[in-house]
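What follows is one structure encoded as structure tokens, with my remarks underneath.
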Amino acid sequence: MQSVLIAAEESHILRILNSSFQTLDSIKDRISHIFANFFCSKYFSIDLIDTRYRGIDEVKTSYNQNQCELSENGRRQSEPSDGDEGQCSGAVFNVLDTMLKDSLDRLKTMRQSISWDAIGRECCDFEVNYKRDITIIRALCLEGKLGVALSLWYMMIQKSVIPDIITHNYLINGFCKTGNLDKAEWLVKEMLFRGPPPNCATYNTLIKGYCLQKDIERALNLFSTMANSGIGPNRVTCNIIVHALCKKGLLEDARKLLTEILGDTYPKDTSNLITSTILMDGSFKNGDINLALTYLDGIFCGGIPLDTVFYNVAIHGFCLIGDISTAYKYVCEMFKRGFLPDIFSYNTLIGALCKEGRTTEACYIYNVMSRMGVSPDQITYKMIIQGLCFHGDVIKANLFLHAMLDDSVVPQPLIWNVIIDGYGRCGNMQKALSIREQMAAFGVMPNTFTYNALIHSQIKSGNVVEAHSLKKEMVLNGSFPDLVTYNLLLGASCNLGNFHSVLQIYDEIVRGGYYPDIITYTELLKYYCIQGYTEKAEDLLEKLQTLNLQVDHVPFLILMKKYCKMRELDKTFELYQKWLLRMS
DNA sequence: CACCCCTCAA
């Protein structure tokens, strides 16, 4: 603001000087015979541009000097000439003099008032704007609003203000997390082009992005080429790569890579807790329990400080192998060592307990976590509600749904669907429909799963017509039937022996571009059996085994049952042998 | 700003 005023004042003065010179120029000829030579030689020596750089006092002194000399000469010279000329030029000079003097004074005052302090504030303004802008970009990136973040970035670039490296990394991270790898790559190219040059975190973010896309090839490629850009991979890079390899089940490759990079000391070197945790996690998930226990021992014996994630990985690992009591032991260990279990610890335990059918214990843990000040999240509720529904306690599951609503948490569609499905399975169609109403009242849109749950329960209740109209309704509401929908309807038609309907649905599956799965074919096979077309069923079973499908025991079982009923014991036995052969 | 843990339905 201040500098704008100064600039305005300066240009004002320049204008006055300019017009002064023009005026002077025009009257110069008329008064030249009096003092032109003297004036010109003195006054015009002050360069216009110079006034901006020379001390203003010097200009002023110089100007005043000129004025003095001018007026002295003017007075001296004006006497012999005709008075008009003298008076006229005197008046002009007086006016110009006043204007210039005022302006110069004003300029001087302003210059003085604008100390370095004020100029500093001006810089501060820039700083504040810059900080504000990059803070907004970062926040937008974290919220996933990358379009807006990028346009703000672009606005800064247009103003020749380059956001710092961290802000760039935030943007790249945002693009990677949302799967926009091409945008992330483009931004890295931008950084190489105009700066700031990418750092290790930039490349790590991009590598992580490739891993999220399951593109390990590219991740490894960047990993091996990033050194060419002058930035070597660090421990974080290794952890990202090792994690990706573990996820793919390539534990051996991960270990080889580490040995290659970190030397032969690995894995005896447990200095990096995170790397060891990743490897332990990978071993548990790949079913190599002995290896997992080796890593676990290694970490414990390493005497290094542990973290909550390490305990959670151990707890999860033991839950995974069904050893919940050891998992509990590690929870106790956490408490002993001063760590408090977090939402991950509790959810892991609850998930394992629900899977085991120990729902009462799961509900107990739910109470414990609430008392410990860890609020259950959607995952907690999802697992408990699903566990209760699966084990037939829909009523208790519904209580948890209400606990969520009481906590002002709007359940995800999944949770509503699980409850609807639960009521449908136990034949309570009314309640299933009322939950669907409630779901709509909370603004949660029904999806394909919702409709499939409803269709399933209608079919279970024998209302096939209702099931078909639900299929029509879902299309109207913007959801699309999937293979499960078709399999449900196909199964119903098969059981009813409705040949026309079976053909129609099968046709719709194929025309819709869906690939019939093993359940579709099993339903068809069941239809052939019910209708007594055992040869067709045999043919279908043969065909199934040539297709790239995971054929389970169900189609064999259906056909064997049919042969049993027909007292075709030879054929039953033949089929049984085929099945054994298939399984081996 | 970048690395490890919980879910993802019939």
Quick one: Gln386(A) CD to dT7(B) C1', roughly how many Å, whole number? 8 Å

Does atom CD1 of Ile136(A) have more than 12 heavy-atom neighbours, drawn from other residues, nucleotides or ligands, at distances under 6.0 Å? yes

Could you state the atom-to-atom distance from CG of Leu414(A) to C1' of dT7(B) in whole Å? 8 Å

Could you check whether the rings of Tyr311(A) and Phe339(A) sit parallel, tilted or perpendicular, using 30° and 60° as the cut-offs? tilted

Residue-level proximity of residues 440-459 of chain A to DNA chain B when a heavy atom falls under 4.0 Å: Asn447(A), Phe449(A), Asn452(A), His456(A)

Walk along nucleotides 1-6 of chain B from 5' to 3' and tag each nucleotide B, S or - by protein heavy-atom contact under 4.0 Å, base first, then sugar-phosphate. BBBBBB

Got a salt bridge between Asp164(A) and Arg138(A), using NZ or NE/NH1/NH2 to carboxylate O under 4.0 Å? yes

Do the rings of Trp153(A) and Trp186(A) sit parallel, tilted or perpendicular, given the 30° and 60° boundaries? perpendicular

Examine the side chains of Lys382(A) and Gln386(A) and answer whether a donor and an acceptor come within less than 3.5 Å of each other. yes

Exceeds 12 heavy-atom contacts within 6.0 angstrom, atom OH of Tyr515(A): no

Rounded distance in Å - CZ (Arg436(A)) to P (dA9(B)): 22 Å

Using the ring of each side chain (for Trp, its six-membered ring), is Phe318(A) parallel, tilted or perpendicular to Tyr330(A), with breaks at 30° and 60°? parallel

Just by distance, with hydrogens left out, do Asp377(A) and Asn347(A) show a side-chain donor and acceptor under 3.5 Å apart? yes

Taking only the side-chain nitrogens and oxygens of Lys382(A), find out if one of them lies under 4.0 Å from OP1 or OP2 of dA9(B). no

